[in-house]
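Letters go in sequence order (proteins before strands), and every chain restarts at 1.
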Amino acid sequence: MRIGYPCINQSLECRVGRTFRLASYSEERLIETVSRNLDCLEEILAYNVEHGMLFFRIASDIVPFASHPVNEFDWQEHFRERFEKVGSYIRSNGFRISMHPDQFNVLNSPKQDVVERTFAELIYQCEVLDLMKLDSTAKLQIHLGGAYGDKGSGIKRFARRYERLDERLKQRLVVENDDKSYTVEDCMELHEICGIPVLYDHFHHICNGGGEPTDQMLHLISDTWVQADGDPMVDYSSQLAGGKKGQHTESIDLDDFSAFLQATEGIDFDVMLEIKDKQASALKAIEAARSDPRFSG
DNA sequence: GCCGGTCAAGGTCTT
DNA sequence: AAGACCTTGACCGGC
């Protein structure tokens with residue numbers, strides 16, 4: 001079990017997803033920004049090695065506007081060696097890596113242009129992981145998409161588009177239950193059709209699930225990950241006290257996290273802490289997990 | 001310098 | 001048909 005946090009380390013000055021506005025796009029600016037993002041990624045990874053946090057999510061905009069038509073620059077070639085160098089560091093330290101195309105990426109949209117943009121974004125994010133020479137245990141996690149009043153059709157549409165993806169991309173893509181529409185059960189239905197692994201988001205399951213116990217859900221989704229996929233990835237958060245339903249907590253609730261570890265005893269997975277204070281909570285979680293025989297860091 | 005309106009992108013719900 | 005909200009950090013123009 002590796003423990004990690006997404007994208008940002010607040011105790012370091014740098015930001016790995018630094019970007020800029022479309023209106024101020026220039027090739028020069030792009031090169032400068034990607035270069036700084038890669039510097040920062042190296043800095044964060046070194047911090048994470050030092051602190052035993054071996055699961056990390058790379059920000060989607062590590063290469064700003066990578067899948068946008070404005071960007072005609074061959075960033076893949078220009079930064080090839082730098083990506084290789086970071087990838088080599090990742091591999092030699094035993095990191096697990098994910099990326100998470102965000103809400104605008106809707107593979108099951110009825111709109112063809114939306115689907116095309118989603119394909120382009122998925123290809124870009126896959127290229128980042130490929131350039132780092134990471135194997136198929138490095139994943140892209142995406143939500144099932146819009147419900148459009150008929151989830152059954154939405155699931156089938158996702159499956160059809162999934163089949164059209166390049167094999168390389170199919171080996172990286174996993175589907176995650178969301179907090180509003182598609183439950184773990186829905187994701188399992190999609191898995192039955194096209195074989196895509198299911199990433200369990202614990203908090204989303206609490207918000208939008210059938211009340212099934214955690215261990216039951218984990219046993220269910222574990223079988224959707226084959227050896228080449230690595231251990232299942234799991235997202236963990238909890239409710240912000242006094243906040244709207246679905247809002248992520250500011251800082252980890254260690255009682256809740258310990259209960260989560262206990263409820264999942266004996267099941268292998270890597271866990272991503274989607275908590276606002278990022279590495280601060282990850283550090284606390286690691287202390288709580290040190291006595292767990294599954295923990296590696 | 002500092003403040004805060006605004007930012008590529010979709011979906012869903014309200015009016 | 002159009003607009004607000006979701007959710008988030010930080011860019012960047014205006015002061």
Taking only Lys NZ, Arg NE, NH1 and NH2, and the carboxylate oxygens of Asp or Glu, determine whether [X] and [Y] approach each other closer than 4.0 Å.
X: Glu185(A); Y: Lys151(A); result: no
X: Asp166(A); Y: Arg168(A); result: yes
X: Glu163(A); Y: Lys170(A); result: yes
X: Asp231(A); Y: Arg2(A); result: no
X: Lys139(A); Y: Asp229(A); result: yes

Sticking with atom [atom1], work out how far [N] lies from [M], rounded to a whole angstrom.
N: dT12(B); M: dG9(C); atom1: P; result: 25 Å
N: dA10(C); M: dG10(B); atom1: P; result: 23 Å
N: dC7(B); M: dG3(C); atom1: P; result: 15 Å
N: dC5(C); M: dT6(B); atom1: P; result: 14 Å

The side chain of [X] lies closest to which of these nucleotides: [options]?
X: His68(A); options: dA8(B), dT8(C), dC11(C); result: dA8(B)
X: Gln103(A); options: dC11(C), dC6(C), dG9(C); result: dC6(C)
X: Arg29(A); options: dT7(C), dC11(C), dA10(C); result: dC11(C)
X: Ser24(A); options: dC12(C), dG11(B), dA8(B); result: dC12(C)
X: Lys180(A); options: dA9(B), dG10(B), dC6(C); result: dC6(C)
X: Arg21(A); options: dT7(C), dG10(B), dC7(B); result: dC7(B)

Round to a whole Å and report the spacing from [atom1] of [X] to [atom2] of [N].
X: Arg15(A); N: dC11(C); atom1: CZ; atom2: P; result: 9 Å
X: Arg117(A); N: dA8(B); atom1: CZ; atom2: P; result: 14 Å
X: Arg161(A); N: dG10(B); atom1: CZ; atom2: P; result: 14 Å
X: Glu32(A); N: dC11(C); atom1: CD; atom2: C1'; result: 15 Å
X: Phe20(A); N: dA8(B); atom1: CZ; atom2: C1'; result: 12 Å
X: Gln10(A); N: dA10(C); atom1: CD; atom2: P; result: 8 Å
X: Glu250(A); N: dG9(C); atom1: CD; atom2: P; result: 9 Å
X: Phe158(A); N: dG11(B); atom1: CZ; atom2: P; result: 14 Å

Which part of the nucleic acid, if any, lies within reach of [X] when heavy atoms closer than 4.0 Å are counted: base, sugar-phosphate only, or nothing?
X: Thr19(A); result: sugar-phosphate
X: Tyr148(A); result: sugar-phosphate
X: Ser109(A); result: sugar-phosphate

Practice task
Kindly state whether the ring of Tyr5(A) and the ring of Phe55(A) have centres lying under 6.0 angstrom apart.
Solution key: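 No.
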Handout entry: Closest heavy-atom pair and its distance - Ile155(A), Asp186(A)
Key =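 Answer, listing the atom of Ile155(A) first, then Asp186(A): CD1-O, 3.8 Å.
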Sort out the partner of [N] for me: Watson-Crick or G-U wobble, both distances under 3.5 Å, none otherwise.
N: dA8(B); answer: none
N: dG1(B); answer: dC15(C)
N: dT14(B); answer: dA2(C)

Practice task
Check whether any side-chain nitrogen or oxygen of Arg18(A) sits under 4.0 Å from OP1 or OP2 of dC11(C), and answer yes or no.
Solution key: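 True: Arg18(A) side-chain N/O within range (under 4.0 Å) of dC11(C) OP1/OP2.
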Problem - Position toward the 5' end of DNA chain C (nearest nucleotide), Leu22(A) or His248(A) - result: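 Nearer the 5' end of the strand: His248(A).
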Exercise for the section: Using the six-membered ring for Trp and the full ring for Phe, Tyr or His, decide whether Phe104(A) stacks on the six-membered base ring of dG10(B) (centres under 5.5 Å, planes under 30°). Expected result: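 Whether judged by distance or by angle, Phe104(A) falls short somewhere, so it does not stack on the base of dG10(B).
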